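Inspection log for the structure reproduced underneath, given as structure tokens.
These numbers were taken from a predicted model, which means no experiment stands behind them. In what follows, every chain begins at residue 1, and chains take the letters A, B, ... in the order their sequences are listed.
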Protein chains: 2
Amino acid sequence: MTTLWEKIESVGPLDETAMAAARERQDTLTKPLGSLGRLEELSVKVAGIRQMATPRISDKAIITMAGDHGVAADGVSAYPSEVTPQMVYNFLRGGAAINVLARHVGARVVVVDMGVAVDLEPHPDLIVRKIGYGTRNIAVGPAMTKEEAVLAIEAGIEIVEAEIARGLDIVATGDMGIGNTTPSSAIVAAVTGQAVSSVTGRGTGLDDVRLRAKIETIERALCVNQPDPRDGLDILAKVGGYEIGGLAGVIIGAAANRLPVVIDGFISGAAASIAVLLCPQAADYLIAAHNSVEIGHRVMLQRMGMAPLFDLNLRLGEGTGAALGISLVEAATRLLSEMATFAEAAVSEAVDNAGTTVV
Amino acid sequence: MTTLWEKIESVGPLDETAMAAARERQDTLTKPLGSLGRLEELSVKVAGIRQMATPRISDKAIITMAGDHGVAADGVSAYPSEVTPQMVYNFLRGGAAINVLARHVGARVVVVDMGVAVDLEPHPDLIVRKIGYGTRNIAVGPAMTKEEAVLAIEAGIEIVEAEIARGLDIVATGDMGIGNTTPSSAIVAAVTGQAVSSVTGRGTGLDDVRLRAKIETIERALCVNQPDPRDGLDILAKVGGYEIGGLAGVIIGAAANRLPVVIDGFISGAAASIAVLLCPQAADYLIAAHNSVEIGHRVMLQRMGMAPLFDLNLRLGEGTGAALGISLVEAATRLLSEMATFAEAAVSEAVDNAGTTVV
């Protein structure tokens with residue numbers, strides 16, 4: 001396979017010609033100019049990504065990656081680590097929120113073990129790319145080696161490329177990992193230089209005392225590890241997670257293959273932050289689905305210059321917000337492709353005061 | 001048929017027992033407590049509306065009502081009135097934005113002529129309930145008589161009840177009518193007492209000069225007609241529209257039949273304002289899909305105590321935002337019905353510092 005660095009090099013800019021064609025078509029459709037707002041912008045972006053004036057979204061996948069975190073031993077989550085494998089089994093049985101929403105939007109869920117702390121029972125739909133049995137505790141040292149960080153990202157690239165080979169028009173990222181808001185807050189603090197307390201939330205539901213302890217744990221992790229804010233690989237290895245590295249790989253791999261990537265909430269945002277540090281061009285391929293309840297999410301999206309599509313006070317992860325985002329992107333591309341033009345529908349266009357057509 | 005007043009009397013409160021059962025079930029599903037945010041609240045609301053602990057949304061309809069406006073002669077729109085019938089034909093051919101989005105979310109579009117200024121060619125899918133050939137110019141007198149206002153609302157009730165007879169689990173409102181942001185701004189100004197300039201936007205795309213003239217036209221309409229801010233029927237008759245009255249009827253009829261109503265943008269919001277003045281209890285059955293670009297929309301939603309689900313800078317109408325809203329409501333109810341519980345999935349629950357289960 002090509003290396004991570006070759007893959008990063010291969011990510012190109014959006015196709016301006018396709019975007020211009022999409023914009024031009026939008027302005028001929030039977031609606032007031034610009035009246036579909038962000039749906040019009042989304043359709044133009046996807047045209048630029050896919051290099052097609054009227055891109056179609058048919059095959060959809062949510063790649064949900066699971067991993068455990070040594071730092072969970074410090075009590076940073078309301079749930080015990082045994083919930084990570086339990087939820088993976090729930091994904092495989094179709095009972096989790098992400099399964100329901102994936103069915104609702106017509107997407108498949110791709111479940112990946114990137115580093116769950118136990119061996120999972122084999123299942124035909126489970127992809128096992130375990131880099132390790134949970135990361136090491138970031139409060140006392142690096143989460144993983146640099147070699148493991150590269151392996152995690154490269155696994156993500158391979159997984160998304162295998163899905164592309166099966167047929168894929170859009171991909172969304174999702175996560176499962178007890179404790180993983182802690183490395184995500186550490187990543188956003190490292191990347192942005194913001195105070196840990198301003199980018200750390202309650203995760204699955206910590207009370208004030210445990211939130212305070214979580215913040216101290218993250219401050220210790222940054223102090224002990226001293227991640228380089230300009231080096232995505234260094235940050236991932238020192239304070240990241242296996243599923244976060246895998247999702248960064250999904251993003252880079254999708255961008256290299258000109259596929260739009262809908263990113264979910266806080267953990268997916270941390271993965272995107274790593275991906276964009278390694279490959280700034282990949283940012284053009286990202287669509288932020290929603291604004292998470294986790295307070296650091298807004299900070300990381302702003303850093304990447306991204307405005308989320310909606311805010312429904314979600315804080316579940318798994319790809320749940322991204323699944324709903326896929327549906328909006330599909331709606332946007334269908335409008336671009338399927339709406340009648342003024343000429344086709346014999347609808348009169350707008351006129352200004354002087355009676356001149358302005359559309 | 002029962003009269004409008006009997007229908008209003010028959011609108012009951014939400015079912016607290018069903019809502020409590022839905023809330024209880026939400027707290028057993030395999031996710032951190034409350035982590036699906038507004039989707040959880042939506043599912044509980046629909047449970048209360050439908051009087052079912054786990055309501056299902058299968059049959060979906062968007063009722064898009066068209067009407068013309070005498071005030072359009074004053075140049076309040078960027079488009080000529082001939083676009084109203086042209087767009088109705090576009091709806092019937094399936095080429096408009098609402099058709100595309102309805103297909104995307106699996107809803108049917110019900111197209112109604114409530115008062116287009118010309119006779120439309122018959123079509124098997126066109127419902128003709130024409131109250132008049134466009135309203136009279138509100139800048140010089142009332143839009144319609146009180147009798148016509150009642151007829152418009154009653155037509156809306158009959159139409160939604162006919163759809164319910166065909167099978168319907170959720171309904172959305174949509175509009176088409178060149179000039180109809182003008183009566184809608186007049187309605188919100190009348191209801192809230194806000195200055196016309198603070199609730200009047202550019203509609204389909206007016207420049208500054210024409211926006212100024214539109215504001216003056218609305219100020220004149222309110223001065224000439226003096227609508228009673230507490231009397232929905234008076235406001236509708238004096239400064240409303242036929243499609244706005246019809247949509248108010250759809251809302252009241254849906255509420256009387258315990259059906260959730262997803263309201264679209266500014267014109268649907270004006271209809272909801274009328275409906276809620278006539279029948280305050282109907283407010284519980286409404287779900288505001290989105291926040292429109294039209295500046296008066298936020299004002300009317302606040303007045304009704306409603307928070308929209310999203311803001312994508314839409315300003316098209318037709319029911320486009322409501323169609324996307326239907327999909328979110330359906331997602332919310334599917335999560336409630338289809339997710340596995342902690343017990344079913346054998347997933348461990350959250351524990352507090354003392355090791356006590358907190359879920």
Heavy-atom pairs under 4.5 Å with chain B, option from A:E330, A:E318, A:M339 with the top count: A:M339

Enclosure of A:R202 CZ (heavy-atom neighbours >12, cutoff 6.0 Å): yes

Top contributor to chain B interface from A:V347, A:T204, A:L314 [non-hydrogen pairs under 4.5 Å]: A:V347

Modelled atom types, side-chain donor and acceptor of A:S184 and A:H297, under 3.5 Å: no

Partner chain B: residue of A:L101, A:V100, A:V83 with the largest heavy-atom pair count (under 4.5 Å): A:V100

Side-chain donor/acceptor of B:E294 to backbone N/O of B:G265, under 3.5 Å: no

Proximity breakdown for A:N90 and chain B, heavy-atom pairs closer than 4.5 Å: side chain

Distance-only polar pair, side chains of A:S81 and A:H69, donor-acceptor under 3.5 Å: no

Pairwise distance CD1(B:I62) to CG(B:D264) - rounded to 0.5 angstrom: 9.0 Å

Side-chain donor-acceptor contact under 3.5 Å, A:T320 with B:K31: no

B:L324 versus chain A, the contacting section by heavy-atom distance below 4.5 Å: side chain

Check: B:V105 main-chain N/O paired with B:K60 side-chain donor or acceptor under 3.5 Å: yes

Under 4.5 Å from a heavy atom of chain A, the part of B:R334 involved: both

A:D169 (side chain) donor-acceptor with A:D59 (main chain) under 3.5 angstrom: yes

Whether B:D175 side chain and B:S268 backbone form a donor-acceptor pair below 3.5 Å: no

Between B:G321, B:G205, B:A323, B:A97, the one whose heavy-atom pairs under 4.5 Å with chain A are most numerous: B:A97

When A:M87, A:R103, A:R93 are compared by non-hydrogen pairs under 4.5 Å with chain B, the top option: A:R103

Part of residues 36-45 of chain A lying next to chain B, heavy-atom separation under 4.5 Å: A:L36, A:G37, A:R38, A:L39

Region of B:V293 in contact with chain A, defined by heavy-atom distances below 4.5 Å: neither

Test item: A:T30 side-chain N/O and A:A340 main-chain N/O as donor-acceptor pair under 3.5 Å: yes

Which atoms of B:E82 approach chain A - backbone, side chain, both or neither, heavy atom under 4.5 Å: side chain

Interface residue of largest heavy-atom contact number with chain A, from B:L316, B:T341, B:N313, under 4.5 Å: B:L316

Minimum heavy-atom distance B:V116-B:A66, with the two atoms named: CG2-CB, 3.8 Å

